[in-house]
Amino acid sequence: PARRRTSNIMGHDTAIFLAQPVDDNFICGICQDVLNRPTTVCADGHTFCQACLEATQATDQEFRCPVCRSEPLAAFALNRPLQNMISVLDVRCPHHDAADALPKPKKRSKKAASSSSEEPKGCVWQGELKDLETHLRSCPLEAVDCPRGCGMRATRHELDAHEQTCPRRMVKCDQG
């Protein structure tokens with residue numbers, strides 16, 4: 001089963017990348033996902049996700065490179081060329097396989113149904129990784145918090161139904 005998470009936490013899930021397998025040079029040695037904010041830590045150029053390094057450093061008082069165990073650089077450096085190469089890789093929405101997530105389209109004629117391939121199960125968006133965050137801000141299958149602050153978390157397309165029953169919804173008062 002695919003993991004669901006935003007891309008700003010650790011690495012990017014390899015399952016969303018259209019080209020498979022993903023080039024090993026783009027894989028973080030800590031989380032084993034595609035590098036997110038690739039950060040170089042040692043003179044040998046070993047590079048990891050920025051968030052992975054922060055989590056590792058928090059638990060390792062005498063931090064050393066997780067691969068070669070050498071002394072780290074005086075200051076870690078964002079590997080911009082690597083980040084630029086990764087940002088233009090083609091990806092699909094992380095919700096591409098969300099079975100039965102969107103409302104079913106109205107029935108089509110048998111002729112139309114037989115002429116097309118299988119209906120997509122989830123979000124069909126595809127684009128470059130650098131555009132994924134923008135897409136997720138409007139994707140109907142992305143989980144969001146109730147705008148009224150009741151604590152409910154639902155996909156965008158489920159929010160309308162939730163608004164009808166939200167304990168913090170606006171109601172009309174009967175004035176007698």
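Both backbone and side-chain heavy atoms feed into the values below; hydrogens, waters and symmetry mates do not.
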Once rounded to the nearest 0.5 Å, what's the spacing between atom [atom1] of [X] and atom [atom2] of [Y]?
X      : Y      : atom1 : atom2 : answer
Thr39  : Gln83  : OG1   : CD    : 8.5 Å
Ser87  : His12  : OG    : NE2   : 9.0 Å
Gln32  : Cys49  : CD    : SG    : 10.0 Å
Glu158 : Arg153 : CD    : CZ    : 11.5 Å
Asp97  : Arg92  : CG    : CZ    : 8.5 Å

Exercise for the section: Examine distances only and state if a side-chain atom of Thr47 and a backbone atom of Gly45 form a donor-acceptor pair shorter than 3.5 Å. Expected result: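 Checking the backbone N and O of Gly45 against the side chain of Thr47, a donor-acceptor pair under 3.5 Å is found.
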Shortest non-hydrogen contact from [X] toward [Y]:
X      : Y      : value
Cys123 : Leu141 : N-CD1, 3.4 Å
Pro38  : Leu82  : CB-CD2, 4.0 Å
Leu159 : Ala154 : CD2-CB, 4.3 Å

Beyond-backbone contact of [X] with [Y], side-chain heavy atoms, under 4.5 angstrom:
X     : Y      : value
Val88 : Lys130 : yes
Pro66 : Ile30  : yes
Cys52 : Asp33  : no
Cys93 : Leu136 : yes

Practice task
Only counting residues at least two apart or in another chain, list the ones meeting ring-ring contact (aromatic ring centres under 6.0 Å, His included) with His162.
Solution key: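 Partners of His162 under the ring-ring contact (aromatic ring centres under 6.0 Å, His included) test: none.
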Handout entry: Residues which pass side chain to side chain donor-acceptor pair (under 3.5 Å) with Gln50, listed by chain and number, not counting sequence neighbours
Key =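 Testing Gln50 for side chain to side chain donor-acceptor pair (under 3.5 Å), a comparison that skips the adjacent residues, returns Arg37.
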Exercise for the section: Could you list the residues that satisfy side chain to side chain donor-acceptor pair (under 3.5 Å) with Thr134, not counting sequence neighbours? Expected result: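 Side chain to side chain donor-acceptor pair (under 3.5 Å) check on Thr134 returns Arg137.
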Problem - From His157, His95, His135, residue fulfilling side chain to side chain donor-acceptor pair (under 3.5 Å) relative to Glu142 - result: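 Between Glu142 and the candidates, side chain to side chain donor-acceptor pair (under 3.5 Å) is satisfied uniquely by His95.
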Please answer: with hydrophobic residues joined when any side-chain heavy atoms are less than 4.5 Å apart, are [X] and [Y] in the same cluster?
X      : Y      : result
Met85  : Leu129 : yes
Leu73  : Leu78  : no
Val144 : Met152 : no

Throw together a table of side-chain donor-acceptor distances under 3.5 angstrom for residues 16-29, partners on residues two or more places apart or in other chains.
{"residue": "Gln20", "atom": "NE2", "partner": "Thr14", "partner atom": "O", "Å": "2.7"}
{"residue": "Gln20", "atom": "NE2", "partner": "Phe17", "partner atom": "O", "Å": "2.8"}
{"residue": "Asp23", "atom": "OD1", "partner": "Asn25", "partner atom": "N", "Å": "2.7"}
{"residue": "Asp23", "atom": "OD1", "partner": "Asn25", "partner atom": "ND2", "Å": "3.0"}

Practice task
With sequence neighbours left out, write down each residue that passes salt bridge (charged side-chain N to carboxylate O under 4.0 Å, His left out) with Asp90, or none if nothing qualifies.
Solution key: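 Partners of Asp90 under the salt bridge (charged side-chain N to carboxylate O under 4.0 Å, His left out) test: none.
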Exercise for the section: Begin from the C-alpha positions of Cys31 and Phe48 and carry the test side-chain contact (heavy atoms from CB on, under 4.5 Å) through to its verdict. Expected result: CA-CA 9 Å; Cys31 70; Phe48 307 92; over 6 Å; no
Practice task
Sorted by first residue and then second, give each salt bridge (charged side-chain N to carboxylate O under 4.0 Å, His left out) pair with at least one member in residues 161-170; sequence neighbours left out.
Solution key: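 For residues 161-170, and leaving out neighbouring residues, the salt bridge (charged side-chain N to carboxylate O under 4.0 Å, His left out) pairs sorted by first residue read Arg148-Glu163.
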